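Before any comments, here is the structure.
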Amino acid sequence: MDFGPFLLLATMEGLVMAAVLALTAVGLSLVFGVMRVVNVAHGEFFMLGAVLAWFVTASVPGPPALGFAAALVVCPLIVGGIAALADRAILKRLDYDPEATIVATIGLLYIFQQAALSLYGPDARPVQAPFDWRLQFPWFGYSGYKLAVVAAAALLLLGVRQLLVRSRIGLVMRATQYDRETATAFGIDVDRVYALVFALGAALAAVAAVLIVPIQQAHYLMGGDPLLLSFIVVIIGGLGSLRGTVLAAVLIGLSDGIVSVFFSPTLAKILATLLVALVLVFRPQGLFGQRAA
Amino acid sequence: MKDIPITRTPSRRGLLKGIAAGTGTLAAAGAFPGFIQAQSSEPIRLGFQLHRTGIGAAYGRWYERTAQAALQVLNDAGGINGRPVEILFEDDGTDPKRGAEVVEKLATQGRCDAVFGALFSNVVVGSAPRAGELRIPYLVCSEGHHVASGITNRWTLQPGITDVKSQVQAMAPWVAANLGKKVTMVFPDYAFGYDHRDFFTAAMEAQGGEVVELIAIPPTETSFTRHLPRIPSETEVLYHVMVGPAVLTFVKELGEFYGTGDHPEIFGFIDSLEAVDIAGPGLEFLEGTHFWEGHPRCLQPGASEHETFYRAAVGVDDNGASVSDAREVSTYAHMFSAWETLFVIKAGMEAAGYQGPDDRQAFVEAIEAMTEMPLSREHPQGDKVFNGRTHQVFGHQHISKVAEGRLEVVHTTSIEDGLYPDEVDYTTQPF
């Protein structure tokens, strides 16, 4: 294939990856930014979203688009609910101690994974895409749904930004992130904010998973890759910085797409890891993170 | 009114009495086994290393069903040497490290006479050394070339399914003659894929063809579109073999990539679509493409009575799906190996006059002495020839074409097509 079309395909693949990665990583970054919790179970919330999407689409009759629309609404709500419950039942009782919450979320990771294995089974199951539209370029064909994923992710990210910047609840979240004690003194129910943030972070991962599941398949072990990549993105972008996270996701997604098309996927992973190492050495707060006071 | 507790907590004295009595009985049983149960009527215990979870789970479920069905047939016909047979299934998570632990657990805690059933080559390669150390017969159903290549040991045998080297060598002439001579290969980037790469490349060159591009896909990959532009436009045949949870994605993306445009002839290993409904959404693109099948998924006209018996016993319909759920497609091309291996174990144990673990060596020697395995209820996939020196069996392979969502066999290879010179002689190795 000629260089031009080759690059076009690589870029589109990279954008799809970047879109999903940005959604997932923003969830992780939000939880860390506001709560100072390193959520190791984040990838499992992603997996739960995908697995639930399979259940929802399988139980909704009618055209695939209807089931998919239902999954897009229901799955993030359920996963967010589970996350809020986990926050109230576990993280709050640990008083959000950084070390204890890491161990607790590792425990959650195994619980979710084994629950999915028991209730959903070990198979990879496909979810049908809501529409079967295909772009035929002169050199190759491309799934129209994949491009729709990029658009949907961009809209969702815009929504999250509006929520944080324009809404009252966003203001409360930012206030809690800035100074927990002062926020409490001003009458903000910090416990509720924490539960909400944890739920929102998990719901973002779940939405990303619902979007990706017609491209990949739902499988109980699928949470590992998104977790690792989200950490890479969040470290490069700067923990707690939304703008940094999104930019880093686009950077990692595009470079992964292009490098793995022209060279090899392994080299793409090597480069991403190397970038993390360089960022940690020369700019530990990340490209857009604020230096800790 | 106060509730009266129904269950009583056992008193300390009662507990001690119970333990003493229990230990006494156990000790007596151990000291005089002959009085408790005659040696010859005790069940033969076989361990099954099962991919119940992990990336091999779809195979595992059907291997378990096939083994259960074969066990039923075996026991109904009087078991082995008149003794009933039990199978202990143990999940290895399709993980090599866990695989070795499972072999150990089945051998020591399970007190099994032999272990069989592993499919994934990484598990087989990871477990075979431990089986050798424990001196327990280890019969694999893996189609990898590792047994016949000589890297395993005298305790490891593959009597139920032909290895990849033989499969690709047998089919290459048909591919070169009917599909094309310039081949691009897409295969997983580990041992199983390398078997395909090396042996098919060699077999194709022997036919005057050439492999124009090799595309190795890392096993963790979940999206494949970005690899597809590497397929050169001069390609006449695209050869694909993929395994794991993402295989369906691979085939769908291949369809998206070529779409309505021209595409090369496509020849795949059914491994890419085991347990997947070939008439499912997004797979229309497969119509007219060809697949290797170890055992034809769809019932073919003129199938033997043994074939229909086997299909009914396992519970598979004429389209290769479960009789209880038409959406649940089997791993038909591979799972016969679990059935046939169990009957090889029976034949081997009966030939060796097997009594217990002391006769394990005689059992392995009895299998090594086997040669012809005729088409029969015990070998429903077809007749086979076993090579005792390389511990590998050789059978017929099928090439099927997708027509109206069904796999129709268009060519069946002979056993001779798949024979190659020995690379090892295990019979000269010590036990």
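Note that this is a predicted model, so its numbers are computed, not measured. Below, all heavy atoms of this structure are taken into account, side chains as well, without hydrogens, waters or symmetry copies. We name chains A, B, ... by the order of the sequence lines, and we start the count at 1 in each one.
Using a 4.5 Å cut-off between heavy atoms, Ser223(B) touches chain A through its side chain atoms alone. Only the side chain of Arg61(B) comes within contact range of chain A, judged by heavy atoms closer than 4.5 Å. If you measure heavy-atom distances from Leu117(A) to chain B, the contacts under 4.5 Å come from the side chain alone. At a 4.5 Å heavy-atom cutoff, the contact between Tyr220(A) and chain B is made by side-chain atoms alone. Contact annotation for Gln128(A): only side-chain heavy atoms (C-beta onward) come within less than 4.5 Å of a heavy atom of chain B. In this structure, chain B has a heavy atom under 4.5 Å from the side chain of Met17(A), while its backbone stays farther away.
With Tyr120(A) as the partner, the side-chain contact (heavy atoms from CB on, under 4.5 Å) test is satisfied by one option alone out of Leu52(A), Leu48(A), Val51(A): Val51(A).
The neighbour count for Phe263(A) CZ, taken as heavy atoms of other residues, nucleotides or ligands under 6.0 Å away, does not exceed 12. Shown here is Glu404(B), whose CD atom has no more than 12 heavy atoms of other residues, nucleotides or ligands within 6.0 Å.
Aromatic pair Phe192(B)/His196(B): ring centres closer than 6.0 Å.
The aromatic rings of Phe267(B) and Tyr239(B) sit tilted, their planes meeting at an angle between 30° and 60°.
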